[in-house]
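Everything below concerns the one structure shown next.
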Amino acid sequence: MRGVDLAQLKALQQQYAGKVVQYDMHKTFSPRFIAGGDVGFEAQGTVARAAMVIMTWPELELVEYQVARVPVTLTYIPGYLSFRECPALEAVWQMLTIKPDLLFIDGQGIAHPRGLGVASHFGLFADIPTIGVAKSRLCGEYAELGSEPGSAVALQYQGQTIGSVLRSKLRCNPLFISVGHKISAASALAWTQQCLRGYRLPEPTRWADAVASNRPSFQRWLARQ
DNA sequence: GCGACAG
DNA sequence: ATCTTGTCGC
């Protein structure tokens with residue numbers, strides 16, 4: 001699962017990062033469908049399992065989900081996650097009957113050493129607005145965060161603000177929100193907050209994770225269908 | 001050289 | 001990410 005030249009992937013990241021759009025293409029857009037994407041692994045890490053869920057806005061009701069399994073081509077290397085997960089995400093994306101207007105991806109967007117986390121990389125591929133929602137930090141520094149849900153501080157890296165650190169839920173570790181593609185930093189944070197429903201993760205990401213891991217919450221949803 | 005390091 | 005039971009705190 002190696003055989004690849006990291007210097008070459010690094011050059012690709014620098015090239016792709018220059019194509020990322022960090023502002024709202026449609027200032028007043030009101031999405032009809034919002035999606036969530038997540039990737040898990042099985043068979044001792046040799047197979048990537050990507051899940052994507054489609055939810056209505058503003059109800060945030062699950063209306064479609066798909067799962068794709070693809071052979072892994074690269075081991076996990078911090079900073080190169082997108083090359084490991086994008087093939088599987090691209091596979092589920094093709095399976096979707098409904099294409100979303102906005103997509104949340106589990107992982108960093110531009111909050112990456114070279115500005116190309118998986119949310120940005122996949123956003124360029126799908127060519128739609130994407131937001132990166134990571135459960136931990138890859139790079140950057142940030143000031144102490146308030147304990148109240150909703151409090152947020154800037155994530156800075158080399159003198160630049162690359163994202164926000166958001167306390168989405170009381171007594172829970174914060175989320176690292178960043179622009180994926182075709183959206184502004186302010187919108188990325190605002191849409192994340194608008195998709196919160198009492199849990200640490202915004203609904204799209206939470207359900208994508210539930211589907212990818214076949215969690216009880218998803219099983220109950222299936223039974224009610 | 002040493003420590004950090006999305007999922 | 002994944003392997004996995006109980007357990008501490010609200």
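Reminder, nothing fancy here: chain letters follow the sequence lines and each chain counts from 1.
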**Asked** A:Tyr76 near the nucleic acid: base, sugar-phosphate alone, or nothing, with a heavy-atom cut-off under 4.0 Å?
**Response** base
**Request:** Kindly assign one of parallel, tilted or perpendicular to the pair A:Phe218 and A:Trp221, based on the angle between their ring planes and the thresholds 30° and 60°.
**Result:** parallel
**Asked** Which is true for A:Gly117 with a 4.0 Å heavy-atom rule: it touches a base, it touches only sugar-phosphate, or it touches nothing?
**Response** base
**Message:** Mind checking if A:Val118 touches a base, just sugar-phosphate, or nothing, with heavy atoms under 4.0 Å?
**Reply:** base
**Request:** Indicate yes or no: does A:Asp5 engage A:Lys10 in a salt bridge with an N to O separation below 4.0 Å.
**Result:** no
**Message:** Nearest heavy atom decides the nucleotide; on that basis, is A:Arg171 or A:Asp106 closer to the 5' end of DNA chain C?
**Reply:** A:Asp106
**Message:** Rounded to whole Å, how long is the line connecting atom CD of A:Gln44 with atom C1' of C:dT2?
**Reply:** 10 Å
**Request:** With heavy atoms under 4.0 Å as the rule, sort A:Gly79 into base, sugar-phosphate or nothing.
**Result:** base
**Asked** Which residue, A:Leu170 or A:Ala212, contacts DNA chain C at a nucleotide closer to its 5' end, judged by nearest heavy atom?
**Response** A:Ala212
**Request:** Answer whether the closest heavy-atom distance between the side chains of A:Phe125 and A:Asp127 falls below 4.5 Å.
**Result:** no
**Asked** Is A:Arg197 paired with A:Glu203 through a side-chain N to carboxylate O contact shorter than 4.0 Å?
**Response** no
**Fill in**
In this structure, CD1 of A:Ile128 is separated from CD1 of A:Ile183 (nearest 0.5 Å) by 10.0 Å
**Message:** Over all strands shown, is A:Glu85 touching base, sugar-phosphate only, or nothing at heavy-atom distances under 4.0 angstrom?
**Reply:** sugar-phosphate
**Request:** Could you point out which residue of A:Ile34, A:Val133, A:Leu62 forms a side chain to side chain contact (heavy atoms under 4.5 Å, CB included) with A:Pro204?
**Result:** A:Ile34
**Asked** When we call it a touch if two heavy atoms are under 4.0 Å apart, what does A:Tyr80 touch: a base, just sugar-phosphate, or nothing?
**Response** base
**Message:** Using a 3.5 Å distance criterion without hydrogens, assess whether the side chain of A:Ser164 forms a donor-acceptor pair with backbone atoms of A:Ala154.
**Reply:** no
**Request:** Would you kindly check if the NZ (Lys) or CZ (Arg) of A:Arg114 is within the cone defined by 45 degrees around the ring axis of A:Tyr16 and under 6.0 Å from the six-membered ring centre?
**Result:** no
**Asked** Any ion pair linking A:Asp106 and A:Lys135 (charged N to carboxylate O, less than 4.0 Å)?
**Response** yes
**Secondary-structure string, 5' to 3', Watson-Crick or G-U under 3.5 Å, | for another-strand partners, for DNA chain B** = .......
**Asked** Does anyone know the first and last nucleotide of DNA chain B in reach of chain A, 5' to 3', at under 4.0 angstrom to a heavy atom?
**Response** B:dA4 to B:dG7
